[in-house]
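One structure is given here, and the rest of the page talks about it.
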Amino acid sequence: MKMLGIVLIVAGAVALAYQGFSYNKNHEARIGGISLNATTKEHVNVPPWAGFVLVGVGVALVVFNRKAV
């Protein structure tokens, strides 16, 4: 559980630092012998509260793991 807590802390810190991520979405249309391709860039926002929740849960897992051992 300690390793999971550390991973959640790092993921929460990254979410707070970048506040989202981008990816490319490919579109393809075929009409007869003609093929059209288009690529659009999509952005997904990660709200700051999600980063705080990840960090909080991660810290709780690390702290409670130490007390249990």
Side-chain angles (χ1 to χ4, degrees):
M1 286 300 227
K2 183 177 179 181
M3 183 57 73
L4 177 62
I6 293 170
V7 169
L8 289 177
I9 292 170
V10 171
V14 169
L16 287 172
Y18 290 108
Q19 296 182 355
F21 60 92
S22 298
Y23 65 95
N24 292 328
K25 187 173 183 181
N26 295 325
H27 304 278
E28 183 177 349
R30 292 183 186 176
I31 302 172
I34 299 173
S35 177
L36 300 172
N37 292 321
T39 301
T40 57
K41 188 173 185 179
E42 302 285 335
H43 184 76
V44 177
N45 291 323
V46 177
W49 62 263
F52 287 120
V53 168
L54 287 173
V55 170
V57 170
V59 168
L61 286 175
V62 170
V63 169
F64 288 127
N65 189 31
R66 285 189 179 168
K67 289 183 179 178
V69 173

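Count residues from 1 along the sequence.
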Just jot down the side-chain contact (heavy atoms from CB on, under 4.5 Å) partners of Ala50, sequence neighbours excluded, or say none. Val46, Pro47

Taking only residues two or more places apart in sequence, or in another chain, which ones meet Phe52 in a side-chain contact (heavy atoms from CB on, under 4.5 Å)? Leu16, Pro48

Taking only residues two or more places apart in sequence, or in another chain, which ones meet Asn26 in a side-chain hydrogen bond (donor to acceptor under 3.5 Å, both in side chains)? Thr39

Share the residues that join Leu36 in a hydrophobic cluster, the rule being Ile, Leu, Val, Met, Phe, Trp or Tyr side chains under 4.5 Å apart at the heavy-atom level. Ile34

Pair listing, salt bridge (charged side-chain N to carboxylate O under 4.0 Å, His left out) test, anchored in residues 3-12, at least two apart: none

Test: salt bridge (charged side-chain N to carboxylate O under 4.0 Å, His left out). Region: residues 25-34. Which pairs qualify, not counting sequence neighbours? Glu28-Arg30

State plainly whether one hydrophobic cluster holds both Met3 and Ile9, where clusters connect Ile, Leu, Val, Met, Phe, Trp and Tyr through side-chain heavy atoms under 4.5 angstrom apart. no

Can you sort out the partners of Glu42 under salt bridge (Lys or Arg N to Asp or Glu O under 4.0 Å), two or more places apart, ordered by chain and number? none

Residues 44-63 vs side chain to side chain donor-acceptor pair (under 3.5 Å), sequence neighbours excluded, gives His43-Asn45

Return the set of residues passing side-chain contact (heavy atoms from CB on, under 4.5 Å) with Leu54 (not counting sequence neighbours), or none when no residue passes. Leu8, Ala11

Distance-minimising heavy-atom pair for Ala15 and Gly51: CB-CA, 4.1 Å

Do Val14 and Val7 land in one hydrophobic cluster if side-chain heavy atoms of ILVMFWY residues count as linked below 4.5 Å? no

Heavy-atom pair with the smallest gap, counting every atom of Leu61 and Met1: CB-O, 4.1 Å

